[in-house]
Amino acid sequence: MKLGGIAVAVALAAAGVAQAAVYTDSQNELFDNSFAHLDIASVNVTHDATSITFEIVTRGDVSAPTWGKYALAINTPGGVNDAGNGWGRPMNWNGQGIDFWVGSWADDGGDNFGGELRQMDGLGGNTLLAATYAGPGISGSSLVTQVITLDRALLGLTGNDTFTFDVMTTGGGGGDAGVDHLSRSDMSMTNWGDTSTSGQFLSYTIPSPSSLALVGVAGLIIGRRRR
């Protein structure tokens, strides 16, 4: 089933997946466990010759509430290791740094979704590299996840590379921190207005693409997938 046009693109990319990994997270460790759509259950990472896909699975349906933000912090080899993030959210990387930020959203009960890929400059500033302002999505779907597909070339990950990352959920306010961090199995913040803190970033390794016929997805694609 197509959800916002993403399912077909993801299915094509899957035909040439060279590696996949599933990262699980503790559940019901939020400062408010009623935010089921912000409680990360797992993140599935896959790649092919040209793209990397992150499927963020939460305890609740991301399209059920009227708000929800889903973000990636990515640290690539030889990058700038910025202490900030692309949306200026109060998130502390716990001594680590990032080179790229993805901020995505599933708002208005799932009717409005999209995302931005931003490259950090090492000084807290950033440049918008790609964006998807997808508009209307699927309303009333059951157990829908947030899917983010990135162009490997934009991240500089075109060969044998290992990168580290964190995945966060956050609220609709510009001052909202990470309600849940994939890198932590405990509470990352105690209330709205706090600064959240990452644990140790997760790691993913990309071997050189195989000789299989691979289908890529350019730029940044944000969508939802029914579980």
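- In this pair, W93 and W101 present their aromatic rings tilted. The plane angle is within the 30 to 60° band.
- The two residues I52 and L157 come nearest to each other via the heavy atoms CD1-CD1, 3.7 Å.
- Residues D121 and D82 form a side-chain contact, since some pair of their non-hydrogen atoms from C-beta on lies under 4.5 Å apart.
- Checked against a 6.0 Å centroid threshold, the rings of F165 and F54 count as neighbours.
- Among pairs with a residue in residues 27-40, those fulfilling salt bridge (charged side-chain N to carboxylate O under 4.0 Å, His left out) read D39-R59, at least two apart in sequence or across chains.
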Check the pair T164 / S203 against side-chain hydrogen bond (donor to acceptor under 3.5 Å, both in side chains), numbers first and verdict last. CA-CA 4 Å; T164 59; S203 177; over 6 Å; no
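- F163 and V22 sit in two unconnected hydrophobic clusters of ILVMFWY residues. Membership requires side-chain heavy atoms under 4.5 Å apart, directly or through other members.
- The line from CG of L150 to OG of S51 is 8.5 Å long, rounded to the nearest 0.5 Å.
- Counting heavy atoms from C-beta on, the side chains of D176 and R89 come closer than 4.5 Å.
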For S198 and Q96, run side-chain hydrogen bond (donor to acceptor under 3.5 Å, both in side chains): C-alpha distance rounded to whole Å, both residues' side-chain angles, the deciding distance at 0.1 Å, then the answer. CA-CA 9 Å; S198 287; Q96 302 157 110; 5.3 Å; no
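- N92 and T195 share no donor-acceptor pair across their side chains, judged by distance under 3.5 Å alone.
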Yes or no on side chain to side chain contact (heavy atoms under 4.5 Å, CB included) for E55 and T46, after CA distance, side-chain angles and deciding distance? CA-CA 9 Å; E55 180 182 7; T46 58; over 6 Å; no
Assess whether side-chain hydrogen bond (donor to acceptor under 3.5 Å, both in side chains) is satisfied between T76 and D99, documenting all intermediate values. CA-CA 6 Å; T76 57; D99 307 314; 2.9 Å; yes
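- In this structure the side chain of T50 never reaches within 4.5 angstrom of the side chain of R152, judged on heavy atoms.
- Between Q146 and W105, every side-chain heavy-atom pair lies at or beyond the 4.5 Å cut-off.
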